[in-house]
Every structure is written in C-alpha cells, then in structure tokens.
Amino acid sequence: MKNSNKRTLFFATTIAVVLLISLVIFYLLMRPTLGDLQHMALFLAITAVLSIAIGYGAYRLNWLKYAPSMRWVLLGSYVIASLLTFLNVWLTARLMFASEHDLLLATVLLLFAGGIAVALGSFFTSALIDRISRLELATHSIESGDLSTRADIPGKDEIAALADSFNKMALQLESADKKQKELETLRRDLVAWAGHDLRTPLSSIRLLVEALSDGVVTDPKEIQNYLSQAKKQVDTLSLLVDDLFQISQLDSGGMPLTLEAASIRDLISDTLESFSSLAAQKGVKLCGSADDGVDPINMDVLWMGRAVNNLVSNAIRYTPANGEINIVAKCSGDNVIVSISDSGEGILPEDISHVFERFYRGDKSRSRVSGGAGLGLAIAKGVIEAHRGEITVQSELHKGTTFSFLLPKR
C-alpha cells in the first residue's frame with residue numbers, strides 16, 4: 001500500500017511538472033496576453049486532471065493483475081498513452097482552432113501519430129517479450145531437471161541482470177546437485193566397503209571364539225594363541241571404527257582443531273620414536289630431519305600427529321625389508337614442507353589419482369594382509385586441508401614414493 005501511494009503521487013507530480021513546463025514554453029514562444037495564458041492554463045489543467053483520472057482509474061481497476069500477458073499490458077499502456085495524447089491535443093485544438101478544416105487535419109495527424117506510436121511500441125514490446133520468454137524457457141528447463149540450462153540474454157538492463165542472477169543460481173544448483181550425487185555415491189560405497197572391512201575381522205573373531213567355546217582347543221598355549229589372534233582382530237576393528245569416526249568428523253566440518261604454536265621438529269621426533277619398533281621388525285631404516293627455522297608452526301598437534309602417523313604407517317606397510325623411509329621438514333617462505341619418502345615398489349600410474357580416496361587400496365593390496373582399511377590417506381588429506389595446507393604424491397615404480405604436504409606457519 002505504501003509503494004502504491006508513492007507510485008500514484010509520483011504520477012500526479014510528473015503530470016503537474018509537465019503542465020508547468022508546457023505553460024513556460026508556451027509563454028516564452030507565444031508571448032501571450034494574461035488572458036490567453038489563463039485560458040491555456042485552464043485547458044491544460046483540465047486535460048491534465050482528466051489524464052490523471054484515467055490513468056489512476058486504470059491502475060485502481062488492477063488491470064495489471066487481470067492482463068493475460070505482459071505483451072497486452074505494454075500494448076495497453078501505449079494505447080492509453082496515445083489516447084490521452086490525442087484527447088489532450090484534440091480538445092485544446094477544438095477550443096482554439098477557428099477553422100474546421102484545420103481541426104479535421106489535426107485530428108487525422110493525431111490519429112496517424114497515435115497509430116505510429118502504438119506500432120513502434122508493439123515492435124519494442126515484441127523484443128522485450130522475447131527476452132522474457134527466453135528466461136521463462138530456461139526456468140522451465142531447470143524445473144524439468146536440466147540444471148545445465150543457462151539464459152543467454154545480453155544487455156545491461158534489469159532483464160539482463162535478472163538473467164545473470166538466474167545463471168548464477170542455476171550454476172549453484174548444478175554444483176549442489178553434483179555434490180549431492182557424489183555424496184550419495186560415496187555413501188553407498190562407504191556402506192559396501194565398511195561392510196567388507198568389518199566382516200573379515202568379525203568372522204575371524206567368531207571362528208576363534210566358537211573354537212574356544214566348543215572346546216576344540218584345549219592346550220593352554222593354543223588357547224593363548226587363539227586369544228592373541230582374537231585381540232589383534234579386535235584392535236583392527238577398533239582402528240577401523242576410529243577411522244570411520246574421524247572421516248565423519250571431516251565430512252561434517254566438525255573437526256575440533258585446537259591450533260597452537262607447536263614444533264614440527266618434535267612431532268617428527270615423536271613419530272620416529274613411535275614407529276622405530278615396527279620399522280625394526282620389518283627391517284626398514286627409519287630416519288628424519290628438520291631444517292632450522294621450521295618452528296614454530298600453528299597447528300593442532302594431535303590431529304597433525306595422526307596425519308603424519310598415517311603417512312609413515314602407509315610407507316612402512318609398502319616398504320620391503322632393507323628399505324628406507326625418510327621424513328624431512330623444510331622451510332619455504334612462510335610455509336613448511338614436510339616430505340615422507342620411501343624406497344618401496346611405488347604406485348601404479350593409474351592408482352596415483354585415487355590414493356586419497358576412501359577405502360581405495362589398489363588391486364594389488366586389496367587384501368588386509370598388506371593393506372589397511374584404506375582410510376589413512378583420506379584422513380591425512382582431510383587434516384592437512386583443515387589446516388589450510390595441501391598434500392601431493394609423487395611415485396616411480398620400483399624406486400619409491402614421496403608424500404609431501406605444505407602447511408602455513410600461521
């Protein structure tokens with residue numbers, strides 16, 4: 001209602017300004033007497049009031065609401081404007097012209113001018129409606145599911161701006177739809193892969209427990225051996241559940257990072273100490289170093305420790321006896337680059353682009369005997385990216401693999 005009143009007031013004010021300007025031009029051009037000026041002012045005021053009444057009446061009848069299309073709205077506007085123009089000029093001419101011949105001539109010319117105005121308005125209306133129709137068709141395409149549709153409407157007017165906003169919205173919808181499909185695929189794969197990885201240790205535990213429960217094994221040493229194997233399978237299940245929980249935190253954005261100024265040198269030292277026993281059992285040499293100036297670095301020590309542990313554990317898993325693993329931290333401007341290099345068999349070229357995918361272990365290592373759950377690298381990537389860093393991998397068959405990640409110091 002407030003906008004309606006403003007619109008009406010603007011319409012009346014505009015006509016009043018036009019009336020005033022017309023009288024000023026009439027006076028400057030004709031230099032009329034005071035009486036003629038008063039008569040002209042009266043004539044123009046009457047036609048102005050009549051124009052306001054007709055325009056406001058059409059508006060109050062809400063003809064915009066009942067119009068079948070925008071084309072008829074615009075054409076109706078041109079016709080009303082032409083009729084008001086004809087009426088204003090014709091009435092003034094009727095009162096002022098002494099010659100009937102001149103009045104008839106003026107009438108014909110006004111009708112011609114009005115027709116030309118309506119025809120020209122119709123021409124521009126068709127171009128305008130065509131732009132709107134193209135936007136409408138694009139909307140219907142989006143509605144039918146074709147999210148790749150874009151409205152190609154050049155220009156700088158409001159319709160072009162609306163089309164640009166529409167295209168941005170369509171792009172966001174397409175991106176969201178693509179992400180939704182990827183998440184759905186990932187969800188199905190997650191259920192399948194998790195079921196596969198959970199089934200194996202659970203089956204082993206069930207067989208071991210059934211053997212003990214049925215009294216198949218009676219020797220104390222054998223019983224202890226069975227219990228030890230069951231414990232290993234339980235540990236495997238525990239690690240898998242922990243990995244799944246951490247993956248869910250990464251997906252939900254709920255990773256509780258506690259950033260603090262910490263030492264990457266100490267983190268590498270702790271990692272070497274943690275894996276020294278495992279590396280020794282496999283006959284793998286494990287070493288590391290850090291350049292001066294790498295510390296301090298702003299990070300969550302626990303999460304970053306988990307990421308580095310995953311990378312080192314992966315390197316030990318695929319490095320044969322007498323191999324070597326080297327952890328190196330170097331400065332690179334305001335960043336730190338940490339590299340974990342091994343002398344293992346390397347990664348097949350077709351596998352490199354998939355190594356950070358969840359549950360991906362490659363065909364040669366799909367067995368749990370040599371491969372883990374396939375979540376370690378995905379977790380490491382998520383942790384590093386949560387720290388605003390990035391991780392890359394380089395590998396050469398029969399020579400080794402290097403995982404490198406870059407972290408901003410602050």
Side-chain angles (χ1 to χ4, degrees), residues 228 232 235-236 239 242-243 262-297 299 301-332 335-349 351-352 354-356 360-381 383-384 387 389-407:
S228 177
K232 288 182 180 179
D235 291 340
T236 299
L239 289 175
D242 288 343
D243 287 344
S263 171
I264 194 72
R265 184 190 298 272
D266 290 345
L267 181 60
I268 293 175
S269 177
D270 292 342
T271 302
L272 294 174
E273 183 177 352
S274 299
F275 285 95
S276 60
S277 177
L278 178 61
Q281 291 177 11
K282 289 200 63 177
V284 175
K285 180 182 179 181
L286 184 62
C287 56
S289 63
D291 289 353
D292 295 335
V294 294
D295 295 326
I297 182 171
M299 63 180 176
V301 178
L302 293 179
W303 275 105
M304 190 56 62
R306 179 62 190 271
V308 174
N309 285 347
N310 288 352
L311 293 171
V312 174
S313 175
N314 187 75
I316 293 176
R317 182 178 297 118
Y318 296 109
T319 301
N322 299 320
E324 182 178 344
I325 298 173
N326 193 21
I327 309 173
V328 177
K330 297 182 179 180
C331 290
S332 178
N335 305 310
V336 172
I337 298 178
V338 180
S339 301
I340 295 93
S341 303
D342 65 59
S343 58
E345 288 298 312
I347 304 173
L348 292 173
D351 290 337
I352 289 181
H354 301 287
V355 293
F356 294 111
Y360 190 86
R361 290 184 291 222
D363 292 338
K364 61 183 174 58
S365 58
R366 188 62 195 168
S367 170
R368 183 172 290 279
V369 174
S370 59
L375 293 174
L377 295 180
I379 292 173
K381 182 175 184 290
V383 171
I384 290 166
H387 282 78
E390 58 183 35
I391 184 170
T392 58
V393 57
Q394 294 179 332
S395 184
E396 188 173 352
L397 285 177
H398 310 300
K399 289 189 177 181
T401 302
T402 298
F403 284 91
S404 300
F405 62 87
L406 179 145
L407 292 175

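Please read all numbers here as calculations on a predicted model, not as lab measurements.
Residues V393 and F356 have side chains in contact (heavy-atom distance under 4.5 Å, counting atoms from C-beta outward). Side-chain contact between V328 and K330: present, with at least one pair of heavy atoms (C-beta onward) separated by less than 4.5 Å. For the pair H387 and V383, the minimum side-chain heavy-atom distance is below 4.5 Å. Looking at heavy atoms from C-beta onward, N310 lies out of side-chain contact with L377 at the 4.5 angstrom threshold. Contact check for N322 versus S343: no side-chain heavy atoms found under the 4.5 Å cut-off.
For the atom pair CD1 of I337 and CD1 of I391, the computed distance is 12.5 Å after rounding to the nearest 0.5 Å. For the atom pair OG (S341) and CG (L311), the distance works out to 11.0 Å, reported to the nearest 0.5 Å. Here CD1 of I325 is found 12.0 Å from NZ of K285. Values are rounded to the nearest 0.5 Å. Taken from OG in S289 to CD1 in I268, the straight-line distance is 7.0 Å, to the nearest 0.5 Å. Taken to the nearest 0.5 Å, the CD1 atom of I316 stands 4.5 Å off from the CG atom of L278. Between the CE atom in M304 and the CD1 atom in I264 there is a gap of 6.5 Å [rounded to 0.5 Å].
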Before you tell me yes or no, could you show the steps for F275 and L286 under side chain to side chain contact (heavy atoms under 4.5 Å, CB included), namely the whole-Å CA-CA distance, both residues' side-chain angles and the distance that decides it to 0.1 Å? CA-CA 8 Å; F275 285 95; L286 184 62; 3.7 Å; yes
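Nearest heavy-atom pair across V338 and A329 is CG2-CB, 4.1 Å. Nearest heavy-atom pair across L397 and P349 is CD1-CD, 4.3 Å. Shortest non-hydrogen contact noted between S339 and T402 is CB-CG2, 4.1 Å. For the residue pair S395 and G346, the shortest heavy atom distance occurs at OG-CA, 3.3 Å.
At least one donor-acceptor pair under 3.5 Å links the side chain of D342 to the backbone N or O of T401. In terms of modelled atom types and a separation under 3.5 Å, the side chain of K282 and the main chain of R317 share a donor-acceptor contact. Judged by distance alone, with hydrogens and angles left aside, the side-chain atoms of S269 form no donor-acceptor pair with the main-chain N or O of R265 at under 3.5 Å.
For the pairing with V336, the side chain to side chain contact (heavy atoms under 4.5 Å, CB included) check across D291, I297, D295, L406 returns one residue only, I297. When the options N309, N314, V308 are evaluated for a side chain to side chain contact (heavy atoms under 4.5 Å, CB included) with V312, the one that passes is V308.
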